Amino acid sequence: MSETAAKAPGAPAQSGDANRWKALVFIALAQLMVVLDATIVNIALPSAQTDLGISDGNRQWVVTAYALAFGGLLLFGGRIADLWGRKRAFVIGLTGFAAASALGGAATSGAMMFGARALQGVFGAMLAPAALSLLAVMFTDAKERAKAFGIYGAIAGGGGAVGFILGGVLTEYLDWRWTFFVNIPFAVVAALGAYFVIREPEGGRNRNPLDIPGVLLSTLGLVSLVYGFTRAESDGWGDATTVGLFVASAVLLIAFVVTEMRVKAPLLPLRVVLDRNRGGIYLSLGVAIIAMFGTFLFLTYYLQVIKGFSPIKTGFAFLPMIAGMMVGSTQIGTRLMTRVPARALMGPGFLVAAAGMLVMTQMEIGSSYASTILPAMLLLGLGMGTAFMPAMSLATLGVEPRDAGVASAMVNTSQQVGGAIGTALLNTIAASATTSYIKDHIATATSKSQQQLVQMEGAVHGYANAIWVAVGMLVLAAVIVVTLVNAGKPDTTTVASGEGAEDEVAIPVVAH
């Protein structure tokens, strides 16, 4: 980047658009919609499966079709945002997501549902990086950036849990179709607000031609990786197709890296990920999300199947985690981000979340919600909220504006791939531990009620084993942060681009 000079004290920030805080409302609303959609459909899936006649073997495609399109196209979506402009990509993404949601809600067959979910993933892959990169280029003053990313981080972290509540309410009191239709008012309000309020800073576009080989290699490589983990969950890690998908993914992604080193206008400029701070953020977020997504699933089954909670009661049982995330992100993270280095927030944040997971490993059939699950959720939420906020900000801090979209896409890609890995990996560990426990104890069960008890004990034993792995993942995320992330606290001044630097906007100074 060109050399930059700090502004004189009291000079207005270059990014001082009077509407930027209003814009944040609509950006946050769109992000909430995307995150909600990742979990809200899970609650409605049994009802939708029955209505549409989807077989047990095919029901996974309601989730997988979305994950494949979203995860596979994120880098391409980020590049489109840099090329077309973030505001335009944001509004188009919202419009398409609303149309796909309407199609899903009106689905009359399994194929129509799968197609709608894939379309949601396509437009979500355009929308998500555009939203984050808009924040990156609109909020450049360090203190304002901390507040904006505090709100965004809380939504990104807690929105999934809100999806459980909303999904339960809509499914139980209205109809499963409303888990799709509810996206439409979200999208319409956010799109209209963005169109009239958002003023994207001039310059900063990457007008180079699209790197078509990079698009194809990255998309196919990520789709193979996500689908491989999805297959592993259902068909086992030794399945020939599963192994083939992982091998294909490795070959495609290695070819992608080689291509990006050689082309003039790469889809993913390696400078974005080779920076130790950004690389550390992407890696630690992916590892932490592995732990978090798998735990969401286990807690849902534990509360509904073992404890007998209704879908709505299960959703509300997640509220303490959401509260913890809000406090960690908007109070602890936002207040301390401009005072201490990012790793001093992220490292301890991941460790506090690990402590919450550690409490969760002690759950048994007879455990009470108040004594085990409640404190575990509070600690998990508090830790992840504290860690997410500086992570979201630092992932795009200091990046060249022309790369803001693709840098933002990498945040979402690490989360999406981490979520796919977490669900498959932890599910497989839990299933294996459950099978082993039942095999060892079923012989002593002489009555049907005792056999049912052994099966329930086996399920909880499996959950606990998988959550132990999640604890290790969060500790690993903390180690990655402490080892790689060395950015100091952001200075409270704002720097402006130099003369003639048409593709740059103001960014905060980061002390090293």
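Only a predicted model underlies this, so the values are computations on that prediction, with no experimental measurement involved. Only heavy atoms go into these numbers, but all of them, side chains included; no hydrogens, no water, no symmetry mates.
Checking side-chain atoms of Asn277 against main-chain N and O of Asn486 turns up a donor-acceptor pair under 3.5 Å. Not one N or O on the side chain of Ser249 forms a donor-acceptor pair closer than 3.5 Å with the backbone of Leu245. Within the 3.5 Å criterion, the main-chain N or O of Thr483 finds a donor-acceptor partner in the side chain of Arg276. In this structure a side-chain-to-backbone donor-acceptor pair under 3.5 Å is missing from Arg86 to Ala130. Of the possible donor and acceptor atoms, one in the side chain of Ser284 sits under 3.5 Å from a partner among the backbone N and O of Ile281. Checked by atom type and distance alone, the side chain of Arg117 never pairs as donor or acceptor with a backbone atom of Tyr66 at under 3.5 Å.
With sequence neighbours excluded, the residues satisfying side chain to side chain donor-acceptor pair (under 3.5 Å) with Thr242 are Asp239. Ile212 pairs by the side-chain contact (heavy atoms from CB on, under 4.5 Å) definition with Leu210, Leu216, not counting sequence neighbours. Checked against side chain to side chain donor-acceptor pair (under 3.5 Å), Gln331 has the following partners two or more places apart in sequence or in another chain: Arg335.
A side chain to side chain contact (heavy atoms under 4.5 Å, CB included) with Met357 is found for exactly one of Leu379, Val471, Val475, namely Val471.
Residues Met473 and Leu426 have side chains not in contact (no heavy-atom distance under 4.5 Å, counting atoms from C-beta outward). In this structure, the side chains of Leu476 and Ile480 come closer than 4.5 Å at one or more pairs of heavy atoms.
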